[in-house]
Student: 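One structure follows; several queries about it will come next.
Below, chain A is the first sequence line, B the second, and so on; all start at residue 1.
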There are 2 protein chains.
Amino acid sequence: MSSMIYESDLSARGRIVAAALGLFAAGGFRATTVRAIAAEAGVSAGLVVHHFGSKEGLRRECDERVLRFIVEKGESDAPAEVLAGAANPFGPYLARMLYETGSSTDALFDALLATARDAVELGIKSGTMRKSDDVDAQAAALVTLGVAPFFLAHQLARWAGGDALGGISRIAEPIADIYARGLLLGQSRGGAGQ
Amino acid sequence: MSSMIYESDLSARGRIVAAALGLFAAGGFRATTVRAIAAEAGVSAGLVVHHFGSKEGLRRECDERVLRFIVEKGESDAPAEVLAGAANPFGPYLARMLYETGSSTDALFDALLATARDAVELGIKSGTMRKSDDVDAQAAALVTLGVAPFFLAHQLARWAGGDALGGISRIAEPIADIYARGLLLGQSRGGAGQ
DNA sequence: TAGGATACTGAACATGAGTTCAATGATCTA
DNA sequence: TAGATCATTGAACTCATGTTCAGTATCCTA
């Protein structure tokens, strides 16, 4: 639908990847048919499998493309920037793909985790982030909460009156507030579990 | 797989619902086949459609069952208890079903939202929760963050060394900490967006 | 007990979707 | 330019899966 992420036009192979990236993000891997991808890219279904071996192969290519984006960005930018930059264009894709398990997606999650861990360590060291007993767990929590809105994109869109981006941006403020100041008041430290 | 949620044994109809509840929670709606449900319940595939009309009908039944659980519990217990009680046995199911859009699932999300809103209002009134400009958005954020760990159950399980519950419980602590005290330090109020 | 409704099965049917394949067109190379 | 490699298509194949259906057993009711 309309403009696709990455590459402006390019070869048929490039168009297929772009179409897959968009359709996977919109509807998930399983729900997206090879024929739909082919149609979106303006090619035949046979060509898709010719280039990528199988639908799963195409998924691997897409995953690697997103992974490379994160890794390369991680070599130059600050971890927090990387996470924000990955969530921005690839948020829906990441949510869909991390949900529907697939071997190639594991690397994606690990990359996000590593980046988040860097961000947490840097944040603690520089004093902008609260110190934690379990840095790994904190990083995992960060990733989990970070992609959460994209999981519920459909429901949030309905809640916000049909606008997909509107729902996510509307809950962004209270979420940011929770990050900044917490949600619960009172001195009780225990009992908040579960 | 072993003991199922709700109803101990019961009729074939009850076993089908129990099996569906479990398999939908484990693998999602689309990925779960009618034959798998039938096998789990020890009946034929034909019986499933005989009782529920279609796979979609069975889903509706499951959704309504979970919805009823939440609503009924909401009439007696405190909202916060309801949310915790719903997340406990039905967390994986809710995550899967809210993700894969279906008309009957909309009611589920709305019920969660309403309950969360009650919880927020009560929390603010009783002084245990920070006041918010947009109570609805805060409720939506609460639901979103609440089910988030279940979306990533698979990845978190891998991260925690294969144990599904282990992963979720391990990030529960940093998440609870974020709720209690926030994550970010410093006086800057802006710039945390995105 | 007779009869109908309901529960239930196993096989068959229809369809959607991933994949294969032979054939054609395009492009590059010696 | 001739041959070869690659890109591309459209139809056909295969398989999984939701659904239908005719038939059988079980149970309730009058």
Student: Calculate the interatomic distance between B:Ile37 atom CD1 and D:dG18 atom P; express it in whole Å.
Tutor: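 In whole Å, D:dG18 P and B:Ile37 CD1 are 8 Å from each other.
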Student: In whole angstroms, how far is the C1' atom of C:dT9 from the CZ atom of B:Arg15?
Tutor: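 For the pair B:Arg15 CZ and C:dT9 C1', the rounded distance is 14 Å.
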Student: Classify the nucleic acid contact of B:Thr33 as base, sugar-phosphate or nothing, counting any heavy atom under 4.0 Å across all strands shown.
Tutor: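 Touches sugar-phosphate only.
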Student: Would you mind telling me which residue lines up with the more 5' stretch of DNA chain C, A:Ala31 or A:Gly46, judged by nearest nucleotide?
Tutor: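 With A:Ala31 and A:Gly46 compared, the 5'-side residue is A:Ala31.
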Student: Mind calculating the distance between CG (B:Leu58) and C1' (D:dT19) to the nearest angstrom?
Tutor: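 Those two atoms, CG and C1', are 14 Å apart.
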Student: Within the modelled atom types, does a donor on one side and an acceptor on the other bring the side chain of A:Arg35 and the base of C:dG16 under 3.5 Å apart?
Tutor: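 Flag unset: no donor-acceptor pair detected.
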Student: Under a 3.5 Å distance rule, please check whether B:Lys55 uses its side chain to pair with a backbone N or O of B:Phe29 as donor and acceptor.
Tutor: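 It does hold such a pair.
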Student: More than 12 non-hydrogen atoms from neighbouring residues, nucleotides or ligands closer than 6.0 Å to CZ on B:Arg130, yes or no?
Tutor: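 It does: B:Arg130 CZ has more than 12 such atoms within range.
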Student: Rounded to the nearest angstrom, tell me the gap between atom CD1 in A:Ile16 and atom P in D:dA7.
Tutor: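 For the pair A:Ile16 CD1 and D:dA7 P, the rounded distance is 11 Å.
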Student: B:Leu10 has an atom CG; how far is it from atom P of C:dA7, in whole Å?
Tutor: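 Checked: the CG to P distance equals 14 Å.
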Student: Just to be sure I understand the geometry, which residues of residues 47-55 of chain A put a non-hydrogen atom under 4.0 Å away from DNA chain D?
Tutor: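 Residues of residues 47-55 of chain A that come under 4.0 Å of DNA chain D are, in numerical order, A:Leu47, A:His50, A:His51.
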Student: Less than 4.0 angstrom from a charged side-chain N to a carboxylate O is my criterion; do B:Glu61 and B:Arg13 meet it?
Tutor: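 A salt bridge is present here (some side-chain N lies under 4.0 Å from a carboxylate O).
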Student: Which pair of non-hydrogen atoms, one from B:Ile168 and one from B:Phe150, has the smallest distance, and what is that distance?
Tutor: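 Minimum heavy-atom contact is CD1-CD2, 3.7 Å.
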Student: Heavy-atom count around A:Glu121 CD within 6.0 Å, excluding the residue itself: above 12?
Tutor: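 Yes - once you tally the heavy atoms of other residues, nucleotides and ligands closer than 6.0 Å, there are more than 12.
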Student: Assess whether a salt bridge exists between B:Arg158 and A:Asp110, defined as any Lys/Arg side-chain N lying under 4.0 Å from an Asp/Glu carboxylate O.
Tutor: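 Counted as a salt bridge, because a side-chain N and a carboxylate O are separated by less than 4.0 Å.
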